[in-house]
4 protein chains.
Amino acid sequence: MATESEAPWRNVGLDRTEQHRLKRYAVLKAASRAFAQRGYFQTSLADIAKEFNLNKATLYHYFNSKEEILFEIHVHAIASITDDESMRGRVGSGREQLIAFIDRYVDMLIDDFGACLVLTDIKPLEKASYDQCVAGRRRIDSLLRTILREGMEDGSIATIDPKTTAAFMFGALNWICHWYHSEGEITPQELKRRAIDFALRAVEPRSQDTPARQP
Amino acid sequence: MATESEAPWRNVGLDRTEQHRLKRYAVLKAASRAFAQRGYFQTSLADIAKEFNLNKATLYHYFNSKEEILFEIHVHAIASITDDESMRGRVGSGREQLIAFIDRYVDMLIDDFGACLVLTDIKPLEKASYDQCVAGRRRIDSLLRTILREGMEDGSIATIDPKTTAAFMFGALNWICHWYHSEGEITPQELKRRAIDFALRAVEPRSQDTPARQP
Amino acid sequence: MATESEAPWRNVGLDRTEQHRLKRYAVLKAASRAFAQRGYFQTSLADIAKEFNLNKATLYHYFNSKEEILFEIHVHAIASITDDESMRGRVGSGREQLIAFIDRYVDMLIDDFGACLVLTDIKPLEKASYDQCVAGRRRIDSLLRTILREGMEDGSIATIDPKTTAAFMFGALNWICHWYHSEGEITPQELKRRAIDFALRAVEPRSQDTPARQP
Amino acid sequence: MATESEAPWRNVGLDRTEQHRLKRYAVLKAASRAFAQRGYFQTSLADIAKEFNLNKATLYHYFNSKEEILFEIHVHAIASITDDESMRGRVGSGREQLIAFIDRYVDMLIDDFGACLVLTDIKPLEKASYDQCVAGRRRIDSLLRTILREGMEDGSIATIDPKTTAAFMFGALNWICHWYHSEGEITPQELKRRAIDFALRAVEPRSQDTPARQP
DNA sequence: GATGAATGAGCATTCATTCAT
DNA sequence: CATGAATGAATGCTCATTCAT
């Protein structure tokens, strides 16, 4: 009547701390998938534990609270953008940087962590964690705005309001999580191509925009 | 700590059925605001009742279930788009229709019902209601796609994939709910102007798009 | 959306008090049927009211409480036995009286009130009403016991313990409510015949019982 | 007025699964007593929990729902009859088998589970469980009918309709739950004797029944 | 008489979290 | 590490009853 046997994560031969890190990560991954799909509050810790044939209580060896899980997912997803090498040392025209940004950002979005970042609310977090996440999001926001601004300077991007434009562009991208399923006909590569195409159309200078754009 | 005095909604002098309708509407409005802000599951019926100094149970005189409240909000929001006169008898070029569509759609989004439509999941709904909502959303989706297609035919919109483009555009617009607050510096009018500007840039034909499409 | 028209009990032309009595009776009848079928607590006043296209609150013009309805049903059912003419002035041998008793008792059982009497618990009643019902039941119990005793005296019934025998016999009869449905193949007449047959077998003197029973 | 000290069931030194089984059983026992006395719907899980100084929620470690508790009680009670060794390999004349059956059946009835079986309705059960219980009850019913039929064949029981007779007999027996209290003057042994006596009288052949059935 | 509105009390169930083993 | 046991706080929902109209 119980799920006795079937031992939780058959131990791979690894040292203690490494194992701990791996298990933590596995839980985070599963949780982010679940949160993205069903929502944070609709996902119980029991649900997550069940995926690993673990007991609910065991999760508390890895995390202090459900909130912490949500927090770490967000931190992880944010880092995957802000810590990206190619992002930090940006090269090329604003237009080229934008392409690179979207390429990277969509990669994040179609990953479990990224989807969770975009789909779940961080209001449940306590103030300190909340603020940290907001700061991280703001950093990503800044990144795009800066790229747009640089593009405007080098003439590769039309003269537009960077703040509003970034907001609309994040919307267009983030919403991908609501309709894109990686098992569908559109490959991630193709998705990225289309996203870039849409974005470029929206921000590239048009002939009537800048009557004077010389080399 | 108790709900002492302060009688629940002092009755205005109106006949009963009219009062009933008004109260129902008021609850729907309050609920959509709460659902949009805190989420459907995080909003208890007690929360909503408290806003009107009403007892939890009284809500059941107006609605059969929490689910029904969510359902009616979605129906209401969808109707505000699909039932719109100006939408049904569409006139003008695709480009002009697009402008009209966005104008109307953003109006909906900055309304409580619209925000709820975009921000809350309908998975909690039972199958029949769920299907009805999905159908409604699809109708809105079709509307935009049709407009894009007509614009492509009359040359006012660039040759693009209507499906993907509509998806990105809805993303850009829907996301407004996440960052726009009507009390801020941007007026709804201005917001709509910017949304239209962004959208037009993304879909208007550019010189290099159609090297040849003049008569 | 409401059950507006379809006026509650189209008024027959009768004087006030008579109408009142008739309506009261109709409610009692419907309630006893519902209580017997679904149970007292599983039947809400709204359920009963709905049968008459009445509002829940209207029932309070006829009864002071749900409890009172239950009480009156029991009183009514008990009276249908204890007030029976043929019971009060009993004639004939014990055996003949027993036959008459069962005939009458089964009539009650297959009636809505009787079924409710046997199938619903009176514990929800307040002490005074409870006691009155218990007394009524006891009176019926006494009736049967007396009949048995008289039968033993006149030799038409075997020498047995009247108390226990009455208990078993009431069980056999009352249980009819659990299995008999008047729409089935067995007619009420036939049911009564079988009940009487069973009961007589159980109490009639047998040759070995009373080696000395002379005319 | 609060559930202060008094630790919930002090643990006896037993392995966990065994303890689990025992506690489960204890809850079932208490529940069946409560259901039989006050009814299924009138008994709240809090009531049952309180008996063990347990929190309401703790019961959900042992049962998935209140319904499951009711179901298990019925299964348990039915099994106590149908799984009985002496019932399965039946020996002796129909008359002797009947005596054995009643002996066993009354044992069940004066047990908490049996009383609950007879006194509570299974309508609250979901279809699958409901059907299983109905099947179980039918099996018990068949048992008695078969015994009666066999008795008719071997001449130890009068020629009667087995179906109706079984129905009356079950009524007589089941009703015991309504009037018998094991703390009273009648011992279980004596109760069984009287039940058997009553039943035999009702079904034993009488001289006038079968004028001729000897070899 | 009849009814819509309103309510307080209650109930089954869920869940994050703690703790002893 | 891992887990079964236990709990307090919520939550959606029901219902008998009251009351103003």
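Just the heavy atoms: all of them, side chains too, but no hydrogens, waters or symmetry mates, feed the values below. Each chain gets a letter, A, B and so on, in the order the sequences are listed, and its residues count up from 1. None of these values were measured; they are calculated from a predicted model.
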| remark: Rounding to 0.5 Å, atoms CG (B:Asn55) and NZ (B:Lys50) come to a distance of 11.5 Å
| query | Can the ring centroids of C:Tyr40 and D:Phe41 be said to lie less than 6.0 angstrom from one another? | reply | no
| said: If I take atom CD1 in residue D:Ile48 and atom C1' in nucleotide E:dT13, what distance separates them, rounded to the nearest angstrom? | reply: 14 Å
| said: Quick check on contacts: within residues 63-71 of chain B, what sits under 4.0 Å from DNA chain F by heavy-atom distance? | reply: B:Ser65, B:Lys66
| Distance in angstrom units between B:Leu59 CG and E:dA6 P, rounded | 10 Å
| request: Indicate yes or no: at least one non-hydrogen side-chain atom of D:Leu59 is less than 4.5 angstrom from one of D:Phe52. | output: no
| query | What residues, two or more places apart in sequence or in another chain, satisfy side chain to side chain donor-acceptor pair (under 3.5 Å) together with D:Ser65? | reply | none
| Rounding to a whole Å, what distance do you find between A:Asp47:CG and E:dA16:C1'? | 12 Å
| remark: For B:Glu51 and B:Ala30, the nearest pair of non-hydrogen atoms, with its separation, is OE1-CB, 3.7 Å
| request: Using whole Å, report how far CZ of C:Phe52 lies from C1' of E:dG1. | output: 16 Å
Taking distance alone, no hydrogens or angles, what donor-acceptor pairs closer than 3.5 Å link side-chain atoms of residues 71-78 of chain A to residues at least two apart or in another chain?
from	atom 1	to	atom 2	distance (Å)
A:Glu72	OE1	A:Arg24	NH2	2.5
A:Glu72	OE2	A:Arg24	NH2	2.3
A:His74	NE2	A:Thr120	OG1	2.9

| note | On a heavy-atom basis, the closest approach of D:Lys56 and D:Ala46 is CD-CB, 3.7 Å
| said: Run through DNA chain F and report every stem of 3 or more consecutive Watson-Crick or G-U pairs, distances under 3.5 Å, ordered by first number. | reply: E:2-21 with F:2-21
| task | Evaluate the side chain to side chain contact (heavy atoms under 4.5 Å, CB included) criterion for residues B:Leu28 and B:Phe63: first the C-alpha distance (whole Å), next the side-chain angles of each, then the deciding distance (0.1 Å), finally the verdict. | result | CA-CA 10 Å; B:Leu28 284 180; B:Phe63 303 94; 3.7 Å; yes
| message | Is there a side-chain contact between C:Leu70 and C:Lys66 in this structure, where contact means two heavy atoms from C-beta onward sitting under 4.5 Å apart? | response | no
Distances under 3.5 Å only, N/O to N/O: pair up the protein atoms with those of nucleotides 19-21 of chain F.
none

| request: Check whether any side-chain N or O of C:Asn55 sits under 4.0 Å from OP1 or OP2 of E:dG4, and answer yes or no. | output: yes
| field | Under 3.5 Å: donor-acceptor pair, side chain of A:Asp47, backbone of A:Ser44 | value | yes
| note | Heavy-atom nearest pair, D:Leu119 first then D:Ala36, reads CD1-O, 3.7 Å
| said: Tell me whether the side-chain N/O atoms of C:Thr58 come closer than 4.0 Å to OP1 or OP2 in E:dT3. | reply: yes
| Least distance between heavy atoms, B:Gln42 atom then A:Gln42 atom | NE2-NE2, 4.2 Å
| task | Would you kindly give the CG-to-P distance between B:Leu54 and E:dG8, to the nearest whole Å? | result | 11 Å
| remark: Minimal heavy-atom distance between D:Glu18 and D:Asp15, with the atoms involved, is N-OD1, 2.9 Å
| Does OP1 or OP2 of F:dA5 have a side-chain N or O of D:His20 closer than 4.0 Å? | yes
| note | Closest non-hydrogen contact found for A:Thr43 with A:Ile48 is CG2-CG1, 3.9 Å
| request: Tell me whether the OP1 or OP2 atom of F:dT3 has a side-chain N or O from A:Tyr60 closer than 4.0 Å. | output: no
| query | To the nearest Å, how far apart are A:Lys50 NZ and E:dT14 P? | reply | 11 Å
| query | Which residue, B:Lys56 or C:His61, contacts DNA chain E at a nucleotide closer to its 5' end, judged by nearest heavy atom? | reply | C:His61
| query | In residues 28-45 of chain C, what residues come within less than 4.0 Å of DNA chain E, judged by heavy atoms? | reply | none
